[in-house]
Amino acid sequence: MFTEIYQHRIGSSVQGRDLIVESNFDPGGSIRPANITLVIGGLHGDEKATVALVATFRECCVARREVRTPLAMISLANPDGFVANSRYNASHVDLNRNCDFNWQPTSPEPSGPHPWSEPESHAIRDFILAFEPAKIVSLHWALAEIDADGPQSTGLGTRMWNAMTPDERAPYRLRTTPAFGQPPDPEGVCPGSFGQWCGYGLQYAGGMRPAMITLELPYDPNTPSRPDPLPTDHLTALHARWSEKPTAYLAAVQPAVHRMLTAASHYPR
Ligand SMILES: [Zn+2]
């Protein structure tokens, strides 16, 4: 079981590119599996490493049969942004500010004319509401952290943290939520963010709230410890590292990311 990959089109982008979910269960089957893990890459189109990491993790499911639980993957959530090497979609909207939890018409990043205005965010939302994944992991760069939204996500975040070797943990930190409700402080509110919608705004018909992790890749996989606050040039440093040697960056972060995603997939809820 869970050794075949199914492809399921959930919609299309502003420019008409397919939005594809790949899963190790049949999404057209009569029984929806419980405890699905949904892994998302490329919500920001210029964060190329996240797309490659989800794609190679998908290969592990088939070739190495490392994941034996129901898994759904959207490796390229913003295909137009990926082609244009842009954070935004083709309508210049940040898909990570377009959800309806604390959505604001004006925010530091363009949030769209109204919540869920964009076909990409709309399609991902509808997939989540239909399949009710128990765990959601969305990859980004480069805040270098496991960010667990909502107290129901602490266990999953801790499991992912513990899945790494001490050396692999060095460039990351684990960030959890102390109590249910709003994010812990006003600084922590991110209007319209996907992670906060999943972690705080979403509750399924049966009462479950999904465990939500935003997995922010390190700006420097070889840093001996993650500084707090991050260096002000952390994104510039990462973009330089990526444009010079993407293969080296991927090779450096991939083992820890695969360990974390495998641990997340096997985490029971
Ligand atoms: Zn991002």
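Counting starts at 1 for both ligands and their atoms, following the listed order. Note: hydrogens, waters and symmetry copies are ignored here, and every other heavy atom, side chains too, is used.
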- Arg87/Glu109 salt bridge by N-O under 4.0 Å criterion: yes

- Item | His140 atom (N/O/S) at minimal separation from the Zn ion (ligand 1) |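 Of the nitrogen, oxygen and sulfur atoms in His140, the Zn ion (ligand 1) lies nearest to ND1.
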
- Note on the structure: Restricting His44 to its N/O/S atoms, the closest one to the Zn ion (ligand 1) is ND1

- Message: I want to know whether Trp103 and Trp116 have ring centres closer than 6.0 Å.
- Response: no

- Check whether any N, O or S atom of Glu47 sits under 2.8 Å from the Zn ion (ligand 1).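 Yes, within the cut-off.
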
- No-hydrogen, no-angle side-chain donor-acceptor test under 3.5 Å, Thr214 and Asp147: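 No, no side-chain donor-acceptor contact under 3.5 Å.
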
- Message: In terms of relative ring orientation, are Phe131 and Phe25 parallel, tilted or perpendicular, with 30° and 60° separating the classes?
- Response: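 Ring orientation of Phe131 relative to Phe25: tilted.
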
